[in-house]
Amino acid sequence: MSDIRNWLLKSEPGTYSFDRLQSEKKAVWDGVRNVEARSNLRKMKVGDVCFFYHSGEGKCVVGLAKVTREAFQDPTTKDDWSAVEIAPIGPMKKEVTLAQMKADAKLKAMSVVRKSRLSVSPVTALEFAHVLALGETAPPK
DNA sequence: GCCAACGTTGGC
DNA sequence: GCCAACGTTGGC
């Protein structure tokens, strides 16, 4: 399956929260300094839908965002790193915790569950649908 | 606060 | 090029 069209972005709410994304309407997702995360960023297409996950405080999927600009040079460095631009879609009706995802057999293989340190990770279509169901949230158009 | 996982650095 | 030491992240 190479047609990954969903992703999970992780942030500490104290550093950048989903609330802040909603009030600012968009964000440049920069500062990624991990090769695997960078390669995921570069695969994103405009319109791809991402889960927004809070690490540390919360440890849960709190909302949905979409990619509004594909990978470009990370403005915070001259080195070879990439950033994308995202915009909020809306909050999850119910937050989905890491514990819930870990406890769910269908999500055992999910990247965020297995590699908790990876800040940008792919989400399969099945995982995407299942997490939405856990969050009682309708899929975005 | 601790520890596991993982990345980076630097000595050799 | 190997590997030990160290730093960072994030879950518990």
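Here is how names work: the chains are called A, B, and so on, in the same order as the sequence lines, proteins then strands, and each is numbered from 1.
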**Prompt:** First contact, last contact: which nucleotides of DNA chain B are these for chain A, 5' to 3', heavy-atom distance under 4.0 Å?
**Reply:** B/dA5 to B/dG7
**Non-neighbouring partners of A/Lys115 that pass side chain to side chain donor-acceptor pair (under 3.5 Å), sequence neighbours left out** = A/Glu36
**Request:** For A/Asp19, enumerate each residue passing the side chain to side chain donor-acceptor pair (under 3.5 Å) test, keeping only those at least two apart in sequence or located in another chain.
**Result:** none
For residues 105-113 of chain A, run the donor-acceptor check on the side chains, cut-off 3.5 Å, and write out each pair with its distance to 0.1 Å, sequence neighbours left out.
none

**Request:** With sequence neighbours excluded, give me every salt bridge (Lys or Arg N to Asp or Glu O under 4.0 Å) pair touching residues 74-92 of chain A.
**Result:** A/Arg33-A/Asp74, A/Arg38-A/Asp80, A/Arg42-A/Asp80
**Item:** side chain to side chain donor-acceptor pair (under 3.5 Å) against A/Lys94, all qualifying residues, sequence neighbours excluded
**Value:** A/Glu136
**Prompt:** Which part of the nucleic acid does A/Lys10 contact within heavy-atom distance under 4.0 Å: base, sugar-phosphate only, or nothing?
**Reply:** sugar-phosphate
